Enquirer: 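Following this message is one structure expressed as structure tokens.
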Amino acid sequence: MTANGQGCCARCGAALRRRNGLRGQAWCDPCRRAGPDPRRELPSDFYFQDPITAALAHYDFATVFRRIRMTTGWPQQTLAEAAGLEQTRISAIERGIRPLRDVALVAQVATRLGIPATLLGFETTVNATGGDEQKLVSWMDRRDFVQHVAALALSVTGMAALDIDRLTALLPHTGPAGTRHIGASDVAVIERATAAFSSQDFATGSGPVRDLAVTQLRSVLPLLGAQMTDEVRPRLYLATARLATQAGWMSFEVNEHDAARRLWLVALNVARDTDHPLAADQTVFVLYDMALQAVELGRPEEALRLAQLGHTAAISSHPVSGATLSCLTNIQACAYAAKGDAATCDRALGQATEHFTSSDPVHESCTRTFLDETMLTAKQGAVHYELALASHDSQAASRAVPLLREAADGYGSDFARPRALDLTRLAGAHAIAGDTDTAISIGHQAIDAVTALHSPRAHDRLRVLNTALQSLHTSPGVAELRDRLNTTAA
């Protein structure tokens, strides 16, 4: 009690205004608006108690909310302030009238109540007694992964809905509370941010900006349910799908492979719900990224299944560009190369070139920016190099050399990451082709280029180069290069 007879806030100790005291309010207005801190009010192991863990696993927030209130003695209004919901919504959830499934609201509640991410179905979980962690099946190892991708890419409803809810529920709601109107200028901000993330990735690698891209996506996803015109909606959905795709790609670049797959599934889910003319292209691009990841992780059969899904998804009401189909067919060629199937690989490469040649640079400018002549040359060289690695084919390596040389020389300064990757391939191609001196020289250039980046994936390519060098006769130059590769990759 203060000297003038007013009460003090139970949280911060500030003097309560008279009208607060008359209402029986124990907190000052700022603390009341902030809501109670569940980490202070709830036992530390609360969410790991068996009934709560089971309820969270099934998104049974009715049970969770009732247990919270039983433990803390909070009325529904206090819980509503803590969770950022209306009291009427808390009541409806507890009575089972309106289950909490909305992605933005689940994210908001999970963040504000401090619910551990693992208990909502992600990657790891901890038993109720606090024992050792148990690994759940990650998206990298799920046998039904391609089926989930197919359900989203081909707009098959039902099968993947629950997984998408769970994947996106952990993205905290960092956008403005309540309903707002979204206009073209808001979408333009998202488009510019995605373009900036892409430029940074090409220039330096994804290391410095990957987390920023995911944070941006966290703030954008809740906007999909906001008010907007029919003209703005498809553009917003496409921009969000592109942002999720970019965040997935950047996660792949930093070797967060499971996170990349989750983000790409989110991208597919958003692309499925948009009626933009470029939605099909975006869906195919996501499948291309997934297939590329599968190839680099040694899963060529999975890559071929994903690429085939891309071709099926391309048959839609909106035509897919020739540049997009060229990327997709090129990754098929790369998968066949990884299997050592030279004949089928060559046929796919020919088809990829035909798709690119048939594309219209004017009418397909939005999609062709992802694949110009230099990038196409680089992709073709990468396929031949993949075949050389798989079969130790010196002829394939010889075919890769001029293509990779042309690509490495054709990149501008703002494409340092793809240039570094192609230099590692070029050095390896020279090694397999038997040109030891050139392999050593370019190998050192590749190390210099990679170490200037923030790209774990590029560092991994140095390990692949080291493998390609194993066939060379031991010499001081080769030994020196391999020692440097081992040190840099480590």
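Just so you know, these numbers come straight off a predicted model, no measurement behind them.
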Enquirer: Charged N to carboxylate O below 4.0 Å: is that the case for Arg261 and Glu302?
Expert: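 Between Glu302 and Arg261 there is a salt bridge, with a charged N closer than 4.0 Å to a carboxylate O.
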Enquirer: Write down the atom of Ala335, the atom of Ala303, and the distance for their closest heavy-atom approach.
Expert: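 Closest pair (atom of Ala335, atom of Ala303, distance): CB-CB, 4.1 Å.
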Enquirer: Check the side chains of Gln380 and Thr353 for a donor-acceptor pair under 3.5 angstrom, ignoring hydrogens and angles.
Expert: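 Side chains of Thr353 and Gln380: pair found under 3.5 Å.
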Enquirer: For a 4.5 angstrom cut-off between non-hydrogen side-chain atoms, does Val464 reach Tyr385?
Expert: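 The answer is yes, as the side chains (C-beta and beyond) meet within the 4.5 Å cut-off.
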Enquirer: Any chance you could measure Asp281, atom CG, to Tyr288, atom OH, to the nearest 0.5 Å?
Expert: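 Spacing of CG (Asp281) from OH (Tyr288) equals 14.5 Å.
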Enquirer: Does a salt bridge link Glu296 with Arg457, judged by any charged N lying under 4.0 Å from a carboxylate O?
Expert: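 Salt bridge between Glu296 and Arg457, a charged N being under 4.0 Å from a carboxylate O: yes.
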Enquirer: Can a salt bridge be assigned to the pair Asp448 and Arg484 using a cut-off of 4.0 Å between side-chain N and carboxylate O?
Expert: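 Yes, charged N to carboxylate O under 4.0 Å.
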Enquirer: Please check if the side chain of Asn269 supplies one atom and the backbone of Leu265 the other of a donor-acceptor pair under 3.5 Å.
Expert: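 Answer holds: no.
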Enquirer: Got a donor-acceptor contact below 3.5 angstrom from the Thr215 side chain to the Asp211 backbone?
Expert: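 Here the side-chain-to-backbone pair exists.
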Enquirer: Looking only at the side chains, is there a donor atom on one of Gln332 and His311 sitting less than 3.5 Å from an acceptor on the other?
Expert: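 Yes, side-chain donor-acceptor contact under 3.5 Å.
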Enquirer: If we count only N and O atoms by modelled type, under 3.5 Å, do the side chains of Glu373 and Thr377 hold a donor and an acceptor together?
Expert: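 Note: Glu373 and Thr377 side chains miss the donor-acceptor criterion.
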Enquirer: Once you round to the nearest 0.5 Å, how far does CG of Asn466 lie from OG1 of Thr424?
Expert: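 Asn466 atom CG to Thr424 atom OG1 measures 12.0 Å (nearest 0.5 Å).
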Enquirer: With Thr436, which of Leu481, Leu469, Val478 fulfils side chain to side chain contact (heavy atoms under 4.5 Å, CB included)?
Expert: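 One option only clears the test, and that one is Val478.
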Enquirer: Is the shortest side-chain N to carboxylate O distance from Arg425 to Asp422 below 4.0 Å?
Expert: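 Yes, Arg425 and Asp422 are salt-bridged.
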Enquirer: So among Phe145, Trp264, Phe252, which one has a ring pair (Phe, Tyr, Trp, His ring centres under 6.0 Å) with His257?
Expert: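 Passing option: Phe252.
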Enquirer: Establish, from distance only, whether the side-chain atoms of Thr283 and Arg272 form a donor-acceptor pair under 3.5 Å.
Expert: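 There is no such pair between these side chains.
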Enquirer: Can any side-chain N or O of Ser199 pair as donor or acceptor with the backbone N or O of Ala196 at less than 3.5 Å?
Expert: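 Not confirmed, Ser199 side chain does not pair with Ala196 backbone.
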Enquirer: Are side-chain heavy atoms of Asp201 and Gln246 found at a separation under 4.5 Å?
Expert: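 A side-chain contact exists here, since the closest heavy-atom pair is under 4.5 Å.
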Enquirer: Check whether any side-chain N or O of Asp186 sits under 3.5 Å from a backbone N or O of Gly183 as a donor-acceptor pair, and report yes or no.
Expert: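 Side chain of Asp186 to backbone of Gly183, a donor-acceptor pair under 3.5 Å: yes, one is there.
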Enquirer: Report yes if some heavy atom in the side chain of Leu224 is under 4.5 Å from a heavy atom in the side chain of Tyr237; otherwise report no.
Expert: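 Yes, their side chains come closer than 4.5 Å.
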Enquirer: What closest approach, in Å, do Ala153 and Leu287 show between heavy atoms, and which atom pair accounts for it?
Expert: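 Reported closest heavy-atom pair: CB-CD1, 4.0 Å.
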Enquirer: Looking at Val270 and Ala241, what are the two nearest heavy atoms and their distance?
Expert: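 Minimum heavy-atom separation between Val270 and Ala241: CG1-N, 3.9 Å.
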Enquirer: Would you confirm whether Ser358, through its side chain, and His355, through its main-chain N or O, come within 3.5 Å as a donor-acceptor pair?
Expert: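 Checking the backbone N and O of His355 against the side chain of Ser358, a donor-acceptor pair under 3.5 Å is found.
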Enquirer: Under the 3.5 angstrom rule, does the side chain of Thr204 hit a backbone N or O of Leu453 as a donor-acceptor pair?
Expert: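 Such a contact is absent between Thr204 side chain and Leu453 backbone.
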Enquirer: Work out which heavy atom in Gly205 is nearest to a heavy atom in Arg417; give both atom names and the distance.
Expert: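 Minimum heavy-atom separation between Gly205 and Arg417: CA-CD, 4.0 Å.
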Enquirer: Using modelled atom types and a 3.5 Å cut-off, is there a donor and acceptor pairing between side-chain atoms of Thr274 and backbone atoms of Ala271?
Expert: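 No, the answer is negative, given that no donor and acceptor are paired below the 3.5 Å cut-off.
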